[in-house]
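Here the structure is laid out as structure tokens; the discussion comes afterwards.
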Amino acid sequence: MSDLVAGPVGPFEPPYYAVVFTAVRSDDDGVEYGETGERLDELVATVPGFLGMESAGTPGGLGITVGYFRDEEAIKAWQRDPEHRVAQGRGRAEWYESYVLHVAKVERSHGFVRGQRPGQAGVSQGIHR
């Protein structure tokens, strides 16, 4: 089971990278899509340099997942993961009508949590792995 928590992740100490995956799911994504997603959540958490992720979706099938990584080496390690590569193939063949992937270097990052003073420890929410 995924340990995703409602709320934003970060901020992290820059620089780091954000990998933004935006997809439109097919009508035929089935139960295996969710199971595979949970497995990938577990796997990516084991990648050295993985910082966390956020996901959101609409009832119409548009989904956005942002993964945060310390460096490009961590992103490459995730790209090379064998189970991730199989899931990518299934995504193209079965689960997605279309998708776009963006990779961006984050140079500034800050956050806000109601009830905490700026700079107070513990501002981060969401998942950190």
Side-chain angles (χ1 to χ4, degrees):
M1 170 79 59
S2 174
D3 61 350
L4 290 175
V5 175
V9 249
F12 305 108
E13 184 65 33
Y16 59 93
Y17 289 82
V19 177
V20 183
F21 178 74
T22 306
V24 176
R25 288 178 31 190
S26 69
D27 292 334
D28 188 28
D29 56 23
V31 73
E32 288 184 45
Y33 179 82
E35 292 170 352
T36 301
E38 287 185 11
R39 174 65 181 146
L40 294 178
D41 289 351
E42 294 170 2
L43 282 175
V44 73
T46 67
V47 173
F50 173 73
L51 300 173
M53 73 176 152
E54 305 166 305
S55 293
T58 68
L62 176 67
I64 300 173
T65 298
V66 183
Y68 300 98
F69 296 84
R70 176 55 52 205
D71 50 39
E72 290 184 274
E73 291 75 27
I75 295 169
K76 289 175 186 173
W78 179 232
Q79 288 174 325
R80 290 189 301 261
D81 180 90
E83 284 186 67
H84 183 211
R85 294 184 65 83
V86 169
Q88 288 172 330
R90 290 197 67 194
R92 287 187 292 274
E94 303 171 46
W95 298 326
Y96 298 119
E97 292 297 323
S98 62
Y99 69 82
V100 176
L101 184 76
H102 304 278
V103 178
K105 185 175 185 180
V106 178
E107 297 183 4
R108 286 184 304 279
S109 182
H110 68 275
F112 165 81
V113 174
R114 186 167 308 284
Q116 291 185 344
R117 296 183 317 273
Q120 184 178 357
V123 168
S124 297
Q125 291 183 327
I127 58 170
H128 291 269
R129 303 187 199 226

Rounded distance (nearest 0.5 Å) linking atom [atom1] of [X] with atom [atom2] of [Y]:
| X | Y | atom1 | atom2 | result |
| --- | --- | --- | --- | --- |
| L40 | Q88 | CG | CD | 9.0 Å |
| R39 | H84 | CZ | NE2 | 12.5 Å |
| T22 | Y96 | OG1 | OH | 10.5 Å |

Original post:
Which of parallel (below 30°), tilted (30 to 60°) and perpendicular (above 60°) describes F21 and Y99?
Top reply: tilted
Original post:
Which class fits the ring pair F12 and Y68: parallel under 30°, tilted 30 to 60°, perpendicular over 60°?
Top reply: tilted
Original post:
Are M53 and V9 close enough that some pair of their side-chain heavy atoms sits under 4.5 Å apart?
Top reply: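 SC-SC contact between M53 and V9 ruled out.
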Subject >> Within-4.5 Å side-chain heavy-atom neighbours: L51 and Y17 >> reply: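 L51 does not reach Y17 side chain to side chain.
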Subject >> Shared hydrophobic cluster for V100 and V66 (ILVMFWY, side-chain gaps under 4.5 Å) >> reply: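 No, V100 and V66 fall in different hydrophobic clusters.
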Original post:
Are L101 and F69 joined in one hydrophobic group, where the rule is that I, L, V, M, F, W and Y side chains link up if heavy atoms are under 4.5 Å apart?
Top reply: yes
**OP:** Only counting residues at least two apart or in another chain, list the ones meeting salt bridge (Lys or Arg N to Asp or Glu O under 4.0 Å) with R92.
**Re:** none
Original post:
Charged N to carboxylate O under 4.0 angstrom, E73 versus K76?
Top reply: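 Salt bridge: no.
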Considering all heavy atoms, the nearest [X]-[Y] contact:
| X | Y | result |
| --- | --- | --- |
| S26 | E94 | OG-O, 2.7 Å |
| A74 | P48 | CB-O, 3.3 Å |
| W78 | V47 | CE3-CG2, 3.9 Å |
| A87 | T36 | CB-CG2, 3.8 Å |
| R85 | Q79 | CG-O, 3.3 Å |

Original post:
Hey, is the main chain of V20 close enough, under 3.5 Å, to the side chain of H102 for a donor-acceptor pair?
Top reply: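 No, because the side chain of H102 does not come within donor-acceptor range (under 3.5 Å) of the backbone of V20.
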Enumerate, atom names and distances included, each donor-acceptor pair closer than 3.5 Å involving a side-chain atom of residues 103-115, sequence neighbours excluded.
unit_1: S109; atom_1: OG; unit_2: Y16; atom_2: OH; d: 3.0

